[in-house]
Amino acid sequence: MNAATNKVLKVAELGNPVLRSPARLVENIQSPYVQQLIDNLIHTAAKTNGVGIAAPQVFESVRLFIVASRPNLRYLHAPVMEPMPMINPQIVAYSDEQVKGWEGCLSVPGMRGQVMRSREIEVVYCDREGQQQQKVFTDFVARIIQHEFDHINGTVFLDRVESTLDLMSDAEYHARIVCG
Ligand code: ZN
């Protein structure tokens, strides 16, 4: 895919019903439409300093998201990885061990919240070639996947914040949380 054809997509913000609708299965992964959507999502995450983005966030209500962890202006300490599309994913196992950590969301601008997530998960998904994968993910990448998986089910991280005391503005977060 020619990078010049990739677009930065408009991101739906909290209050838009597309963020509250369970998404439908992706049916034809190899189609040019789905392949271009994947490239546009990767491009949009990169241009907006996202470490992940789900299709419903760009008004496409299908079960597809990108995990694209790397250090950037919004997540200074994120690990580096190649952008990983996950299509029709299922989380088949969650560790009992949970950890609380800070999350933000392109659809909830200006806010951060502390959310409890399983430290380790096992995911079955299709890659962009349509091949089934089954892998275990831990720590920050496991957190991203659980956050994006929520999006394809119509849930946002604010729903999982246990107390409003666990919320912070983006500006205060950057000023106060050095090792978050
Ligand atoms: Zn999000």
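Computed from a predicted model, the values in this text were never measured in an experiment. Both ligands and their constituent atoms are indexed starting at 1 by order of listing.
- With a cut-off of 2.8 Å, the protein N/O/S atoms near the Zn ion (ligand 1) add up to 3.
- Looking at Q114, its side chain never comes within 3.5 Å of a backbone N or O of M168 through a donor-acceptor pair.
- Panel note: side chain S118, backbone S95; a donor-acceptor pair is recorded below 3.5 Å.
- No donor-acceptor pair closer than 3.5 Å links the side chain of R160 to the backbone N or O of H147.
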As a quick check of understanding, evaluate salt bridge (Lys or Arg N to Asp or Glu O under 4.0 Å) for R117 and E103, giving each step before the final call.
CA-CA 11 Å; R117 301 283 190 189; E103 297 185 15; 2.8 Å; yes

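- Side-chain atoms of Q30 come within 3.5 Å of backbone atoms of E129 as a donor-acceptor pair (strictly under, hydrogens ignored).
- A side chain to side chain contact (heavy atoms under 4.5 Å, CB included) with Q133 is found for exactly one of I87, V124, D127, namely D127.
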